Every structure is written in C-alpha cells, then in structure tokens.
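Remember, it's a predicted structure, so these values are computed and weren't measured experimentally. A, B, ... follow the sequence lines: proteins, then strands. Residue 1 opens every chain.
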Amino acid sequence: MTDARTLSSPLDLQSVRADFPILSRELANGFPLTYLDSANSSQKPRQVVQALEDHYLRHNANVARAMHQLGAEATAAYEGGRDKVAAFIGAPSRDEIVFTKNASEALNLAAHTLGASLKPGDEVVISEMEHHSNIVPWQLACERTGATLKWFGVTEDGRLDLSTIDELLTERTKVVALTWVSNALGTINPIADIATKAHAVGATVVVDASQAVPQFPVDVSTLGADLLAFTGHKVVGPTGIGVLWGRYGLLASLPPFLGGGEMIEVVRMTGSTYAAPPARFEAGTPPIAQAVGLGAAVDYLTGIGMDKIAAHEQSIVEYALEGLKTVPGLTILGPKDATDHGGAISFELDGVHPHDVATVLDTRGIAVRAGHHCARPVHERFGVQSSTRASFYLYTTPEEVEALVDGLGFVRSFFKLA
Amino acid sequence: MTDARTLSSPLDLQSVRADFPILSRELANGFPLTYLDSANSSQKPRQVVQALEDHYLRHNANVARAMHQLGAEATAAYEGGRDKVAAFIGAPSRDEIVFTKNASEALNLAAHTLGASLKPGDEVVISEMEHHSNIVPWQLACERTGATLKWFGVTEDGRLDLSTIDELLTERTKVVALTWVSNALGTINPIADIATKAHAVGATVVVDASQAVPQFPVDVSTLGADLLAFTGHKVVGPTGIGVLWGRYGLLASLPPFLGGGEMIEVVRMTGSTYAAPPARFEAGTPPIAQAVGLGAAVDYLTGIGMDKIAAHEQSIVEYALEGLKTVPGLTILGPKDATDHGGAISFELDGVHPHDVATVLDTRGIAVRAGHHCARPVHERFGVQSSTRASFYLYTTPEEVEALVDGLGFVRSFFKLA
Amino acid sequence: MQLDSLYQEIILDHYRSPHHAGLAEPYDVEVHHVNPSCGDEVTLRVELDGDTVTGVTHHSVGCSISQAATSVMTDLVIGKPVAEGMATYEEFLELMQGRGNVEPDEEVLEDGVAFAGVAQFPARVKCALLGWSAWRDATAQALAAREGVSNG
Amino acid sequence: MQLDSLYQEIILDHYRSPHHAGLAEPYDVEVHHVNPSCGDEVTLRVELDGDTVTGVTHHSVGCSISQAATSVMTDLVIGKPVAEGMATYEEFLELMQGRGNVEPDEEVLEDGVAFAGVAQFPARVKCALLGWSAWRDATAQALAAREGVSNG
Ligand SMILES: Cc1ncc(COP(=O)(O)O)c(C=O)c1O
Ligand SMILES: Cc1ncc(COP(=O)(O)O)c(C=O)c1O
C-alpha cells in the first residue's frame with residue numbers, strides 16, 4: 001500500500017457515491033469496482049434513471065406533433081430538457097440548443113453545414129490532439145469540397161503548439177475546430193485566445209467540449225465559440241443524446257443536414273422549405289426520453305455544483321499525477337503537472353503493452369482504458385501506438401487512485417519487471 | 001353507446017395491458033387514457049424500462065473500446081441487442097444491422113451513401129404517400145447530385161398507382177424508395193412485386209418499414225429489399241434508436257456517412273480508412289442502452305407473437321372501420337376496407353377541423369393525432385390540409401374503439417352538427 | 001381542461017366568418033407562415049402608412065383557434081401604430097403562456113380575451129400565435145424595406 | 001477470470017520472440033489489418049505454392065495476446081494446404097468463442113491451446129483473432145488473383 005496522502009476536495013464523496021449504485025458492484029474474484037474510465041463514459045446517478053423510468057411509464061408520447069395531454073406532457077418534458085441544457089452552458093437562448101445523437105453527430109452536423117460553403121482554396125484548421133470525431137468529419141468535408149485541412153501540432157509536453165498560429169490562421173481559414181480538453185492527454189486548451197485570433201481572420205470557431213462540459217462550469221456566452229459540441233453519456237446522462245450549441249445567427253444561416261419529419265416547414269413533392277433552428281437540425285423523432293434524462297443529469301450536476309466538481313477533479317488529478325510518478329518505468333503522456341489538466345491521464349508502462357496493463361488491472365476490478373482512445377494521431381505524435389488511460393469524475397476517491405497505483409505495482413511484478 | 005360488437009383477437013388484452021402501466025393512467029377530468037396514437041409512438045412495457053434501468057445501474061460502460069469487465073458486459077448487451085434485432089427481422093447476418101438514432105437518420109444514411117454515386121440523368125423514384133422522412137432526404141440527395149426525383153401517384157382509394165410503373169422504372173432508375181405501410185392512409189404496399197421490377201432495371205430498393213415492423217412478422221431475407229429502415233420507439237422500444245438493415249454486400253460497397261470514433265480503421269491527419277459494416281456507419285458512442293431496450297422490446301413482441309399481433313391489428317382495424325362508418329359526415333382517407341390495411345385510419349369529419357376534433361376527444365382522454373402526420377403530399381393529393389388519425393397496437397381494445405366512435409358523436413354535438 | 005372555456009362563442013364566430021379574410025391589393029409585404037407540427041398555414045399581407053398599420057389581410061387554412069386568432073388579430077392592429085400592435089402582441093403572448101394564471105385585460109385585447117382558455121391547452125397555444133407571428137414578421141420586413149429605401 | 005490462465009508461459013514466450021516476424025520477399029499478397037477499437041495492427045504477407053502455404057511473415061504492433069496469436073498462427077499454417085489452415089482457424093475460432101466451455105484439441109491447435117484462457121476475457125478475443133483474419137484475407141486474395149490469371 002502506498003503511503004496515505006490527503007486529498008482536499010469540496011465534495012462529500014460518500015454521499016455522491018451513494019447516488020451511483022453501480023459503484024458498489026462487486027466484480028469477478030470479489031474485487032469491488034474501481035471505475036477509472038469516466039472520460040470514456042460516466043456512470044449514472046439513480047436520479048437520472050428514475051427520470052427516464054417516470055417518463056416512459058407515465059408521460060411517454062411523441063412530441064410537437066402530438067396534440068393530446070400525453071403529447072403535451074412529453075413535449076414539455078423534452079423542451080424542458082432543452083431549457084435545462086441551455087441554462088447549464090449559459091446559452092443566451094434555448095433555441096440555440098440542438099439535440100443530436102452524440103457529440104460525433106454534432107460535429108458532423110457542423111462539418112456538413114459549414115462545409116456546404118467551403119471551396120477549393122479554403123482552409124479548415126484542427127489539431128493533432130483531436131478525437132477522431134473532430135478529425136474525420138473535417139477530412140470528409142475537405143474531400144467533398146476541395147478545401148484543405150491544416151492542423152496545430154502538439155508540443156513535447158502535450159500542449160497545443162501555438163508557435164505557428166500566425167501562419168496557420170489566415171484569410172483562407174474558414175473554420176477552426178478544436179477540442180477544449182484533450183481526452184487523451186488531459187490538456188486544457190486556451191480556447192478563448194485562439195477564438196479571438198480565429199475571428200480576426202473571419203473564421204468560424206467550433207469547439208469540441210465533450211471533455212470540458214463534464215468537468216467545469218461552461219459559459220458559451222463568453223467563450224468566443226460559434227458552435228460547441230458535447231455528449232450526454234459523459235455528463236452522467238443517458239447514451240443516445242448529444243448537444244450542438246450554436247450562436248443563433250449562425251445556426252439560422254446554415255442549411256439543413258438530415259431531412260425528415262419535424263425539420264420542415266412545407267413539404268411538396270417538388271421541393272421543401274425548412275423550419276427555423278433548432279427544429280431545422282432535428283429530423284425525425286428526437287431523443288425524447290434522453291433529453292429528459294439529460295435534463296435530470298445537468299440538474300444533478302448543478303445540485304452538486306460544477307465549481308465543486310471542477311475543484312474535485314483538479315485535486316484528484318494532482319493526487320493521481322503524484323501517485324503515478326512513484327511507479328517505476330511509468331511515463332506520462334501529455335502535461336505532467338495539474339495546471340490546465342483535465343481529469344484524464346494517459347501513460348505508458350515500460351515493458352508491458354497497455355492492453356496487458358488494462359487486463360491485469362481489470363482482474364483486480366480496476367477499469368481503465370487501453371488503446372489510442374480514439375486519438376490515434378496524437379499517439380503517433382509521441383511515437384507510441386497506444387497507452388493506458390485513467391480518468392476521474394465527481395465520484396472518484398483517493399482510495400481508488402491508490403488502488404490504481406498499487407495495481408500498477410502488481411502489473412510490474414506479474415510481468416516480472418519488479 | 002354504439003351497439004356492442006365482437007372482436008376476434010388471439011391476444012389476451014388484459015394481460016398485455018397489465019405490462020403497460022401508462023395505460024391505467026387517469027387524465028384530466030377523471031377520464032381514463034384511451035391511447036389511439038401508436039403509429040406516432042408506441043407505449044412501453046415494464047420489461048423494456050426494467051432492461052434500461054438494469055443496464056444503467058449495473059452494467060453501464062462504453063462499448064467495443066472498453067476492455068474491462070463492465071465494458072465487456074456493456075458490449076455484450078449492446079451487441080446482444082443487434083443479435084435480437086437481426087433475428088426479429090430475419091436478417092441473414094448480425095452485421096447487416098446498423099443502429100441509427102431513428103428511422104429518419106437511417107433513411108438519410110441511405111440517401112447520402114447511395115447518393116454518393118448519383119449523377120445528372122439518374123432517377124430516384126419515391127411515392128406521393130411517403131412520410132417526410134422518406135421524401136426530404138431524397139430531395140436533398142437529388143439537389144446535391146443533379147439526379148431527378150420521380151414518384152408513384154396514389155389512387156382515389158389510397159393505393160399506390162402502379163399503372164405508371166413501366167414508365168417510371170427505367171434503366172435511369174437508380175433507387176426506388178417506398179414505404180411498406182403508409183402512416184397516413186394505412187395502406188400496405190406490394191413491396192416484393194415492386195422490388196422485383198426495380199431490380200430488373202438495376203435499381204436499389206429502399207423500404208421504409210417504420211409502420212411495418214411494429215405490425216406484422218417481417219423477413220428481410222425474402223422481401224426483396226436492399227435496405228430497410230425502422231425506428232425503435234414504434235416497436236415498444238426506447239426513443240433515440242433506429243435501425244438500417246442492408247444486404248451485406250451492398251453495405252460493404254457504400255462509403256461512410258458520419259465520421260468519428262468507432263467507424264474508422266486507421267486515422268492519420270492526412271487521411272483515414274474505414275471499418276467494415278456495421279461499424280462503418282456507427283460513428284461515435286452508439287445508443288448503447290437504447291439497443292439494450294430495443295432488444296428487450298423485440299423479445300417482448302416475440303414473446304407475444306408477431307403473428308398474433310398482426311391478427312389482432314387486422315381485427316381491430318376492421319372493427320374500427322365499421323365503427324367509423326357509422327359516424328355521420330365522416331370520410332375515411334385511404335382504403336376503406338381492412339384488406340392490406342395497417343393499424344392506422346385517417347379521416348375527416350365534415351364541418352370540424354381535425355385539430356378541433358383532436359382537442360375535443362382529448363378532453364375525454366382520447367389521444368389521436370391531427371395534422372398532416374408528416375405526410376403533407378398525400379394530404380394535398382386528396383385536397384385536404386390535414387386529417388384526424390386513430391392508430392392501434394397490440395394493447396388496443398374494442399372498448400377504446402367504441403370510446404372513439406362515441407367521442408366523435410360528442411364532437412359533432414359540441415359543434416352543433418348533430 | 002374545460003371545453004367551453006376553449007371554444008368560446010366569440011372564437012367560433014370569428015372562425016365561421018373571419019375578418020379581413022381574402023388577400024387584398026395593394027400591400028407592402030406578403031409572408032407565408034406555417035405551423036410545421038400540425039400543418040396550419042397562413043398567407044398574410046400588410047400595408048403600412050408611416051408607422052401606422054393601414055391594412056392586414058390573410059388567407060388561412062387551419063383550425064378554429066388559429067383562424068379565429070388571426071381574425072381577432074387583424075381587428076386589434078389595423079388602424080393602430082405599429083408599436084401599439086407589437087405591445088398588444090406581447091400582452092396576448094403573456095396570456096397564452098400563462099397556463100391560465102394571467103388575467104386578460106379586455107381594454108387591450110378586446111375579443112382576444114376569449115382565448116384565455118387556450119392557455120390551458122399547451123398544444124393549441126401555437127395555433128393561437130400563428131397569425132400574430134406572420135403579422136410581426138411581415139411588419140418587420142415592411143419597416144426594414146422602408147429603412148433600406150430612405151437610407152439608400 | 002484467472003490471470004495465469006490468460007498469460008500462459010507459452011504466450012509470453014511467443015510475445016517476447018514472435019516466429020516469422022519481419023516482412024520477407026518474395027510474397028504473393030500483403031495485407032494490413034487493424035483492430036480499430038484498440039489500435040493493434042498487423043502487416044502480413046503470404047506466399048502460396050499451388051494450394052500450399054509456403055510462407056507467412058508479419059510485422060505486428062500490439063499486445064501480448066495479438067502478437068503471440070499471430071506468431072502461433074504462422075507455425076500452424078506454414079507448410080500446410082490452405083484448406084487445412086482454414087480448418088485450423090475454424091477450430092481456433094470455436095475455442096475463442098466458447099467462453100471457456102470448449103476443450104481444445106492439442107493435435108490440431110498445438111501451441112494454440114494456450115489461448116484457451118482468452119475465451120474468458122471477451123474483450124481480448126479480438127486480439128487473438130487479428131493475425132488470423134489477416135492471414136485469411138491475404139490467402140483469399142492470393143487464391144482469387146491466381147484464379148483471375150488462370151481464367152483470364
Ligand atoms: C412511415 C414512417 N416513416 C418514417 C418515420 C420516421 O420515424 P422517426 O421519427 O422515428 O425517425 C415514421 C414515423 O414518424 C413513419 O411513420
Ligand atoms: C474529446 C472528445 N470528442 C468527441 C467524443 C465523441 O463523443 P461521442 O462518442 O459521444 O460521440 C469524445 C468521446 O468519445 C471525446 O472524448
């Protein structure tokens with residue numbers, strides 16, 4: 001056992017954990033669950049699951065189009081989810097919240113609709129530390145339109161390399177699409193500063209906030225982004241829902257993406273006209289119950305306090321960085337101190353492949369992620385094929401971090417490195 | 001009260017209804033719920049909601065990429081949903097099942113990926129009785145590519161007008177996209193026959209089975225369709241999930257649609273390669289819990305028996321058609337007898353606008369739909385702007401149909417027509 | 001949820017014989033608004049003289065609530081300054097969104113008070129607002145067009 | 001879920017010194033297979049002589065299980081008729097999908113029996129199959145190419 005250290009967290013972890021029944025599960029061989037994979041998907045509190053259950057069993061109906069009492073209840077519940085999400089991220093208007101199926105669809109929506117006005121000679125700027133979901137949609141948009149994809153590099157210590165910013169951002173730059181918090185390195189990027197420079201050259205700024213919205217208070221009204229994406233299942237909400245926030249004026253200027261019911265104004269066989277945002281971008285029956293669940297999720301987080309959650313993440317990351325540095329042969333990918341560091345740490349363990357690290361930890365109930373974490377380019381940047389990632393959330397305890405550190409010691413001894 | 005008639009149904013309606021708690025809800029003014037809007041969205045049995053709850057509170061994790069015990073459980077649960085859906089519709093292989101967010105996304109996926117090889121001079125054939133979700137995606141695809149949109153008309157008695165089929169289907173026809181069961185008219189279309197003719201000219205056949213899969217046994221292995229779409233929330237499953245089935249050979253030949261995590265093989269900044277189907281078409285975190293719920297839903301329907309559900313629908317539609325014909329001033333849109341008639345009936349009531357019909361019924365707890373039901377062109381075809389629609393499912397009782405017929409009598413008297 | 005509070009006689013009267021129905025010439029701006037979820041449609045023309053609404057005519061397809069509300073709206077705005085019409089709209093909107101807890105002012109809303117009951121039928125609120133949204137849009141366009149001319 | 005049943009010594013030996021590693025010339029077909037969910041990659045070359053597998057070489061990046069399984073696979077198929085290799089694959093696949101309920105036949109699978117424990121780690125089954133899928137793909141392509149020639 002590593003020496004006990006202290007963690008200063010504003011959260012009452014025991015009472016938080018009591019809301020997440022899965023955290024008391026016992027796994028194979030009698031080990032308790034040590035869930036260190038929240039950057040992949042967060043666990044759900046009872047409150048969210050109860051909201052889903054109550055919706056399905058008492059208020060279920062289709063929305064908007066349904067004129068009866070259940071329809072009115074379901075519509076109020078769905079649109080109530082939109083109100084809650086708007087308030088949660090500081091959106092000036094509820095009509096700026098578009099519900100998608102996940103962050104990936106939100107980013108594809110951005111790439112398709114902004115892509116509609118791209119042409120050869122135009123440039124789209126991303127970065128080497130993006131999640132695949134903020135790379136591939138822009139690659140496809142550039143293929144469709146003949147625009148050119150450029151990117152920020154990553155420095156040796158895992159930060160965006162901003163030294164090239166003045167060459168990268170020019171009057172040819174139409175879109176700058178960046179992650180706020182790297183899911184692989186944990187790096188928090190200076191979005192506001194980059195957005196200012198991007199706007200100065202007339203580019204539209206798209207922010208992948210999939211790892212940001214779960215972790216700290218977000219206020220889109222002051223951030224400087226034009227579009228921002230995140231995903232429900234990482235903010236203690238359901239799977240099957242994501243969010244695209246957009247400045248209303250921009251959304252109103254964008255063409256439709258998916259076509260179908262609800263996104264239309266008038267459909268004639270010979271051609272159709274489209275509804276105003278957000279409906280324009282919500283084709284078909286939307287994720288109704290999921291919006292209800294997401295509303296309950298952001299209510300839950302707000303009840304705890306996003307500032308407290310951010311402070312807890314900060315403490316636990318610091319605690320984990322310290323602990324991991326005591327493991328022989330362990331190299332941290334990305335920033336090695338807790339400054340501007342989100343709640344995920346990726347690392348290599350000399351002599352053991354990350355999958356093998358993960359499997360051995362798993363036999364002790366410790367759930368981490370191994371692989372490229374949907375961010376292959378940044379792994380290539382560091383000359384590695386994959387890594388092991390531990391990630392934390394509002395329910396993560398220092399004891400769980402200790403279990404990880406001890407577990408890594410066991411991995412080393414199992415593979416005869418210690 | 002209308003005279004009591006008899007209904008021959010193979011279902012034990014009381015025990016079916018006991019599985020759907022919402023059906024015992026009391027609405028305003030003490031009226032019980034009479035839910036006649038299942039073509040819009042079906043209600044959910046306890047079993048489906050319990051599957052969701054169990055998944056979220058005991059097995060939740062991300063799939064595929066997660067290598068730990070919870071990840072394995074979540075992956076098995078998600079992929080188990082795929083197995084169940086494949087079996088439910090007779091798909092020769094589980095890899096032919098693509099999960100989308102709803103039927104609309106499935107149809108957009110079809111229109112985008114088939115659309116990628118359309119060019120000016122090519123033709124896409126749909127029909128005048130399509131849901132907007134099977135019109136707008138093809139309009140947008142034709143706009144993008146310069147292909148021409150054509151369509152089957154609708155006969156006076158609400159059937160597809162097949163008299164023009166030989167002019168419509170030519171070697172220029174690349175795609176034929178048709179609804180199996182009309183959500184507005186209830187018409188069941190002869191898909192297999194049309195598919196044979198479409199294949200003879202080399203066209204790909206896309207079937208919108210959103211209203212078919214809920215109602216009768218479906219076997220894609222013999223249908224003749226190449227792609228087929230339906231939606232979870234209409235088969236007693238969750239919102240937030242839809243299905244695109246496709247012949248594997250066809251799916252494997254299609255380009256990607258949405259880009260992101262999970263749909264890739266290798267991502268480099270300079271370009272990416274894509275996974276085989278179904279993963280190729282499932283960008284980002286999929287609707288994991290929703291696939292589990294959909295699996296539970298099709299298990300539930302299979303447990304009851306799709307043949308019995310079909311027989312019940314057939315009886316109840318016949319029963320309802322008879323009942324509605326007794327209402328003075330009521331005109332049925334579409335087929336007036338129960339032959340090849342799905343479980344939805346739209347009608348007009350002379351002198352009362354459909355919204356007003358629906359509102360008056362709603363004050364008696366009767367939930368029907370009023371409007372164009374996302375099928376404006378077919379309403380235009382019949383020279384009306386909207387209609388009232390009653391739709392039925394496995395839990396619909398003859399008493400509910402009587403309540404509708406009585407309610408329409410009340411509507412007439414309220415508006416001083418009787 | 002009382003039916004009679006929704007379908008007041010005044011509403012049914014306006015529905016049966018809507019005021020200012022039929023599109024008139026001349027006009028400054030024509031707009032076409034739709035309630036996509038149910039399909040109700042209104043084509044509406046406005047004519048302004050300075051800041052005064054001199055004419056509003058419409059062709060509407062829709063339910064009793066949407067047609068009657070459009071009819072009542074024309075009575076409320078024609079002959080009034082644009083600003084007054086907009087203020088009346090705000091008051092009507094407040095009534096509609098009040099879920100039955102707002103006491104309507106008959107001085108301002110005239111026949112519009114008959115719609116108080118609609119607020120208890122959330123699904124129908126959009127119907128009552130369709131004509132108003134068309135009028136506001138058309139009027140805004142007419143004002144903008146005039147600015148464009150006088151500035152240009 | 002016993003760790004020692006997963007990481008048998010035979011597996012760790014193959015991992016530390018994989019057989020037939022390093023891409024050799026000449027070859028008929030080269031393929032590149034990836035396990036997209038974790039990123040393991042293998043580049044693999046096959047050479048056939050008639051219906052016999054004469055050479056399989058590979059360059060692999062990945063975990064102990066995927067590398068060891070690829071190594072064992074090369075031993076099992078080289079020098080054998082294609083059909084025999086495919087049959088061995090089927091037996092290996094059955095073992096992998098058996099969740100621990102399939103008794104492996106050492107006559108057929110040789111060192112491959114060491115992977116019996118992998119079947120209890122569903123997340124790792126794909127790792128054990130990566131090299132096999134590459135070999136099957138490359139071999140099928142080589143056969144198809146030859147047919148193309150002999151038919152053409
Ligand atoms: C025939 C038909 N097609 C497509 C759809 C679209 O389904 P969804 O709204 O779930 O995308 C529906 C239902 O709304 C339908 O009835
Ligand atoms: C930074 C980042 N962007 C995008 C995504 C994609 O989210 P989803 O899989 O929910 O679409 C993720 C998570 O997987 C992420 O971490």
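Only the side chain of A:Ile135 comes within less than 4.5 Å of a heavy atom of chain B; its backbone N, CA, C and O stay farther away. In this structure, chain B has a heavy atom under 4.5 Å from the side chain of A:Leu52, while its backbone stays farther away. Contact of A:Leu140 with chain B is made through the side chain alone, with heavy-atom distances under 4.5 Å. Interface residue B:Ile264: only side-chain heavy atoms are found under 4.5 Å from chain A. Using a 4.5 Å cut-off between heavy atoms, A:Gln290 touches chain B through backbone and side chain atoms alike. Of the two parts of A:Thr148, neither the backbone nor the side chain holds a non-hydrogen atom closer than 4.5 Å to a non-hydrogen atom of chain B. Using a 4.5 Å cut-off between heavy atoms, B:Leu107 makes no contact with chain A at all. Proximity to chain A is limited to the side chain of B:Asn102, based on heavy atoms less than 4.5 angstrom apart. Residue A:Leu57 touches chain B through both its backbone and its side chain, counting heavy-atom pairs closer than 4.5 Å. The parts of A:Glu128 that come within reach of chain B are both its backbone and its side chain, each placing non-hydrogen atoms under 4.5 angstrom from that chain.
Annotation: maximal heavy-atom pairing with chain A below 4.5 Å, among B:Gly271, B:Ala358, B:Ala103, occurs at B:Gly271. The candidate from B:Pro377, B:Pro287, B:Pro21 with the greatest count of non-hydrogen atom pairs under 4.5 Å with chain A is B:Pro377. The greatest number of non-hydrogen atom pairs below 4.5 Å with chain A, out of B:Ile241, B:Val267, B:Val49, is found for B:Val267. With chain A as partner, the option from B:Gln43, B:Glu380, B:His372 having the largest number of non-hydrogen pairs under 4.5 angstrom is B:Gln43. Looking only at heavy-atom pairs under 4.5 Å with chain A, the residue among B:Leu33, B:Ile366, B:Ile288 that has the most is B:Ile288. Counting heavy-atom pairs closer than 4.5 Å to chain A, the top residue among B:Ser41, B:Ala74, B:Gly259 is B:Gly259.
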Verdict with supporting geometry, A:Arg25 and B:His59, side-chain contact (heavy atoms from CB on, under 4.5 Å): CA-CA 9 Å; A:Arg25 247 198 78 178; B:His59 309 290; 3.3 Å; yes
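Judged by distance alone, the side chain of A:Thr231 and the main-chain N or O of A:Ser210 form no donor-acceptor pair under 3.5 Å. The closest donor-acceptor contact from the side chain of B:Ser42 to the backbone of B:His233 lies under 3.5 Å.
For A:Phe99 and A:Tyr78, the ring centers are positioned less than 6.0 Å apart.
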